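Here is the naming used below: chain letters follow the sequence lines, and residue numbers restart at 1 for every chain. Treat the numbers as computed from the prediction; the structure is a model and nothing was measured. When reading the values below, keep in mind they use all heavy atoms of this one structure, side chains included, and skip hydrogens, waters and symmetry mates.
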Protein chains: 2
Amino acid sequence: MRDHTYHLLQEHIQKHISVTPDELSFFLMLLKRVTYHKNQVLLREGENCLNFAFILSGCIKSYLIDKKGEEHILTIAPEGWWVADVKSFITNEAGNLFLEAIEPTQAALLSRANQALLLEKTPRFERYFRVLTERAFAMSQQRILDAMSLTASERFDKFRLQYPSLTNRLTHRQIASYIGVTPSFFSRMLKQRK
Amino acid sequence: MRDHTYHLLQEHIQKHISVTPDELSFFLMLLKRVTYHKNQVLLREGENCLNFAFILSGCIKSYLIDKKGEEHILTIAPEGWWVADVKSFITNEAGNLFLEAIEPTQAALLSRANQALLLEKTPRFERYFRVLTERAFAMSQQRILDAMSLTASERFDKFRLQYPSLTNRLTHRQIASYIGVTPSFFSRMLKQRK
DNA sequence: CCTTGCCAATGACATAGGTCAATCCGGATG
DNA sequence: CATCCGGATTGACCTATGTCATTGGCAAGG
């Protein structure tokens, strides 16, 4: 428990709430450390999402496959982000998302049961998850507005501003999917931007 | 404090957490009751959103006006829903949304300061807001996926399923804006559906 | 070092949905 | 009542983005 493997997560927590060392170790004790290889699928459509994952290194995408078989990326989570099929996680029902590592990835998993335990024993963490979710919600709402009011090219501009480091780590297909266009159109769009 | 004006809100709270009568009254005491007439604008772009509003009766919309002057509805909040410019509320910065009553509306306002007070004195409410936000977040994510993977007509089908009562209360323009199409296209779409 | 396979680019063509203007209508207001 | 105004509909036309198929490149694995 004294190693620094969870450095990134500790930082993340302390940025949001103040906790005692005991509370912190209790949290860390509830986690399960996992490794995924590139292209490993962590969760499939129709499965119940049992864990929230904090990414320590690497990158995970969450996506939907529509009835035409097309993939639509909902979330891209590099190190320092939490990711899950949130709807499934909170409702305890089967979800419709896939989770997949797009790089070799290390993560810390917090199971639904352990989260419940954590929140019961250490209600201070309620605030951590509330604030986290509020931020995620605000960003999600902004994305809805962007989808309705901006062109694909403008959405790409915002993407690059918001996630400059991701722009190089992801393939064009992935960025295209995230901003909501096809790879062919994305490619044409890039050319047109000179 | 003993009147039943906040019946709907009390119910809403008790559906999510268990609170003592004292905690409940403390919450209710922090609220400010307001009335809005139809078309009244509660918040404009560029303003700091100081309150969360719980709708007791009537209906509020939140929307963005894009650079072409077009309105895009983000949220429709009838009685029983909380509404705010969440990003502005949580960051304490100027927002980009408008809030406007689309019916004569009664609401209970919880200011940022009072929410902070509430959460400090009665941490039990952290859970209430966490759960609320989680649900809202999950719905918001679903809407992003719908925008990416469904046609306008399919989005309308989902809208009617999800909000059957709203379908009649709103104008076609409003529904069109919410599902992300223009009024003319919405009208044509309806005709085509036979 | 040669497959194999996915990604990127691109041409030809298709379409969902947007734009703009005209008309009609019903409810609100003086 | 008469007026006014915004919503709904619709026609003609437009465009952003999708579809599909082809080609070339580059990276991983046997």
**Student:** Expected output is a numbered-order residue list: members of residues 59-68 of chain B with a heavy atom under 4.0 Å from any atom of DNA chain D. What is it?
**Tutor:** none
**Student:** To the closest 0.5 Å, what do you measure between CG (B:L145) and CG (A:L74)?
**Tutor:**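 Those atoms lie 4.5 Å apart.
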**Student:** In whole Å, I'd like the distance from the CZ atom of B:F186 to the P atom of C:dA16.
**Tutor:** 17 Å
**Student:** Assess, by modelled atom type and distance only, whether the side chains of B:Y128 and B:H12 contain a donor and an acceptor separated by less than 3.5 Å.
**Tutor:**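 Judged by distance alone, the side chains do pair up.
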**Student:** When you measure from the centre of the six-membered ring of B:Y6, is the NZ or CZ of B:R33 under 6.0 Å away and within 45° of the axis?
**Tutor:**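 Verdict for B:Y6: a cation-pi partner in B:R33.
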**Student:** What is the separation between atom CG on A:L190 and atom P on C:dC7, rounded to the nearest whole Å?
**Tutor:** 16 Å
**Student:** Closer than 3.5 angstrom, by distance alone: can the side chain of A:E126 be matched with the main-chain N or O of A:P123 as a donor-acceptor pair?
**Tutor:**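 No; judged by distance alone, with no hydrogens or angles, the pair does not exist.
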**Student:** Between A:R130 and A:E134, is there a side-chain N and carboxylate O pair less than 4.0 Å apart?
**Tutor:**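 Yes, this pair counts.
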**Student:** Extract from the structure each pairing of a protein N or O with an N or O of nucleotides 22-30 of chain C at less than 3.5 Å, listing the distance.
**Tutor:**
none

**Student:** Would you mind reading off the distance between B:R193 atom CZ and D:dT9 atom C1', rounded to a whole angstrom?
**Tutor:** 17 Å
**Student:** Rounded to the nearest 0.5 Å, what's the gap from CD on B:Q192 to OG on B:S153? Could you check?
**Tutor:**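 One gets 8.5 Å once the value is rounded to the nearest 0.5 Å.
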**Student:** Tabulate below the donor-acceptor pairs under 3.5 Å that side-chain atoms of residues 39-46 of chain A make, not counting sequence neighbours, or state none.
**Tutor:**
unit_1 : atom_1 : unit_2 : atom_2 : d
A:Q40  : OE1    : A:H37  : N      : 2.9
A:Q40  : OE1    : A:H37  : ND1    : 3.1

**Student:** Checking salt bridge (Lys or Arg N to Asp or Glu O under 4.0 Å) for the pair B:E120/A:R127: CA distance, chi angles, key distance, verdict?
**Tutor:** CA-CA 10 Å; B:E120 196 190 324; A:R127 170 176 299 245; over 6 Å; no
**Student:** Distances under 3.5 Å only, N/O to N/O: pair up the protein atoms with those of nucleotides 10-12 of chain C.
**Tutor:**
unit_1 : atom_1 : unit_2 : atom_2 : d
C:dG11 : N7     : A:R188 : NH1    : 3.2
C:dG11 : O6     : A:R188 : NH2    : 3.4
C:dA12 : N6     : A:R188 : NH2    : 3.4

**Student:** Could you give the CD-to-C1' distance, from A:Q192 to D:dT17, as a whole number of Å?
**Tutor:** 11 Å
**Student:** In whole angstrom, give the distance that lies between atom CG of A:N39 and atom C1' of D:dA28.
**Tutor:** 11 Å
**Student:** Counting just side-chain N and O atoms, does B:T182 come under 4.0 Å of either OP1 or OP2 of C:dG17?
**Tutor:**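 No, no such contact exists.
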**Student:** Rounding to an integer number of Å, can you tell me how far A:M189 CE sits from D:dG18 P?
**Tutor:** 11 Å
**Student:** Could you give all pairs that pass the salt bridge (Lys or Arg N to Asp or Glu O under 4.0 Å) test and reach residues 84-109 of chain B, with sequence neighbours left out?
**Tutor:** B:E103-B:R169
**Student:** Hey, can you pull the residues of residues 151-178 of chain B with a non-hydrogen atom under 4.0 angstrom from DNA chain C?
**Tutor:**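 B:T151, B:A152, B:R155, in order of number.
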**Student:** In whole angstrom, give the distance that lies between atom CE of B:M148 and atom P of D:dG18.
**Tutor:** 12 Å
**Student:** With sequence neighbours excluded, what pairs up with B:F27 under the ring pair (Phe, Tyr, Trp, His ring centres under 6.0 Å) test?
**Tutor:**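 B:F27: ring pair (Phe, Tyr, Trp, His ring centres under 6.0 Å) contacts with B:F125.
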**Student:** Can you list the residues that meet the ring pair (Phe, Tyr, Trp, His ring centres under 6.0 Å) rule with B:F26, with sequence neighbours excluded?
**Tutor:** none
**Student:** Suppose the criterion is side chain to side chain donor-acceptor pair (under 3.5 Å): which pairs have a residue in residues 48-62 of chain A, not counting sequence neighbours?
**Tutor:** A:N48-A:N92, A:N48-A:R112, A:K61-A:E71, A:S62-A:T75
**Student:** Going through the checks in order, is the side-chain contact (heavy atoms from CB on, under 4.5 Å) test met by A:F156 and A:F186?
**Tutor:** CA-CA 9 Å; A:F156 180 51; A:F186 185 73; 3.8 Å; yes
**Student:** Please enumerate all residues that pass salt bridge (Lys or Arg N to Asp or Glu O under 4.0 Å) together with B:D157, with sequence neighbours excluded.
**Tutor:**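 Partners of B:D157 under the salt bridge (Lys or Arg N to Asp or Glu O under 4.0 Å) test: B:R193.
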**Student:** Are B:F129 and B:V131 joined in one hydrophobic group, where the rule is that I, L, V, M, F, W and Y side chains link up if heavy atoms are under 4.5 Å apart?
**Tutor:** no
**Student:** Name every donor-acceptor pair, under 3.5 Å, that has one atom in a side chain of residues 159-168 of chain B and the other anywhere in the protein, sequence neighbours excluded.
**Tutor:**
unit_1 : atom_1 : unit_2 : atom_2 : d
B:T167 : OG1    : B:Y163 : O      : 3.1
B:T167 : OG1    : B:P164 : O      : 3.4
B:N168 : ND2    : B:P164 : O      : 3.4

**Student:** Taking CD from A:E103 and P from D:dA28, how many angstroms apart are they, rounded to a whole number?
**Tutor:** 13 Å
**Student:** Using five pairs at either end of the helix from C:dC1-D:dG30 to C:dG30-D:dC1, determine the angle between the two local helix axes and round it to 10 degrees.
**Tutor:**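 The helix from C:dC1-D:dG30 to C:dG30-D:dC1 shows an end-to-end axis angle of 50°.
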